[in-house]
Protein chains: 2
Amino acid sequence: MPERFYEKRHFIEDISLYFEQMGMPRTAGRILGVLLICDPPEASMIDLCEELQASKSSVSTNARLLDEMDLIERVATPLPRQICYRFKPGGWVTFMRMRLRLYGSLHHIAERGLDLLQDADPPLRARLQEAHDMFSAIEEELPLLLKHIQEEHGIP
Amino acid sequence: MPERFYEKRHFIEDISLYFEQMGMPRTAGRILGVLLICDPPEASMIDLCEELQASKSSVSTNARLLDEMDLIERVATPLPRQICYRFKPGGWVTFMRMRLRLYGSLHHIAERGLDLLQDADPPLRARLQEAHDMFSAIEEELPLLLKHIQEEHGIP
DNA sequence: GCTTTCGTTCGGTATTGACAGAACGTTCCG
DNA sequence: CGGAACGTTCTGTCAATACCGAACGAAAGC
């Protein structure tokens, strides 16, 4: 049993809970948790199954989910017939971009709401105008912020 | 039946779906949707029950949730024994601040992960260093952005 | 070429949580 | 005071979904 075993499990569980808050399955969060602290940085599906005490099917499904989200990626492995995953460099930027698109959609919804209230008094429209201004500002500024961070740290 | 009936229902459903993505109950999102486009801008619980065809209990519970999140607020009403809600000015800023706290928590989790890898090589730490840098930057910059937007639009 | 070992997909199961109905407490009116 | 209207809370029910086991398909070694 590796040292710091319990601490690592706590970390994995923290990541899992966080991504559960973000609407993802627990197991997906746990896989990501492992791939964030494992040494070496890549892990096979069998490794993940053992580490998480989860079934093949669950690991397979959730790993594919993370792969499609571009948070992890498959890497070459000398082992035959085995698939290895690792955390994908730049994954956090990708993650934030995804969240960003969600906020952007609220921007559009607000616009549609303003259309519905186009004949109404400005005070009535203020509720949605506030949303529109806020989320278009975020939609505009946050990509710049992300790009800035990205360049500052040499993330691909 | 009021004009633009279907359009309003679509708007309400869009808001509902959006906040479902954010991890909130459907009914809470629908209440918020109504309070974003209703005229007058306040609605009693009975109004909401009728508009949404939902039970008193559901409306009561979810309105309280939105109230605790500071997205809506109770307002005075001439009607006896009735409670009126309206969208709370500045609610969107509050909303974004809440989301921000969530990202902040990831920043702290990343720090704990780095502690676990303190003896590891820098390449191994890069995964978490990227998260740490990204989310502390966001945690630092986004409040400024929010404050900027807030002042620019005179939101309380 | 047969067996073995992985990964994927499908169907069933258990758990979670959102909603409605019922009972309760409160406030206002007759 | 008694009754009615409104909001809250509690409990049961239903639906959604995350997980597992099993069957299937593919690829490598004997």
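Sequence lines set the chain letters: A, B, ... in the order given, protein chains first and strands last, and positions in each chain run from 1.
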In terms of relative ring orientation, are A:H132 and A:H107 parallel, tilted or perpendicular, with 30° and 60° separating the classes?
perpendicular
Any chance you could list the contact pattern along nucleotides 1-18 of chain C? Use B for base contacts, S for sugar-phosphate-only contacts and - for none, protein heavy atoms under 4.0 Å, 5' to 3'.
---BBSBBB--------S
Just how far is it from atom CD1 of A:I37 to atom CZ of B:R112, taken to the nearest 0.5 Å?
10.0 Å
To the nearest 0.5 Å, tell me how far B:Y85 OH sits from B:M45 CE.
6.5 Å
Contact boundaries on DNA chain D for chain B, cut-off under 4.0 Å to non-hydrogen atoms
D:dA4 to D:dT9
Could you state the interatomic distance from CG (A:L66) to CZ (A:F19), rounded to the nearest 0.5 Å?
8.0 Å
How are the rings of A:Y18 and A:F95 set to each other: parallel, tilted or perpendicular (split at 30° and 60°)?
tilted
As an exercise, state the distance from CZ of A:R9 to CZ of A:R30, rounded to the nearest 0.5 Å.
8.5 Å
From A:L36 atom CG to B:L117 atom CG, the distance as rounded to the nearest 0.5 Å
9.0 Å
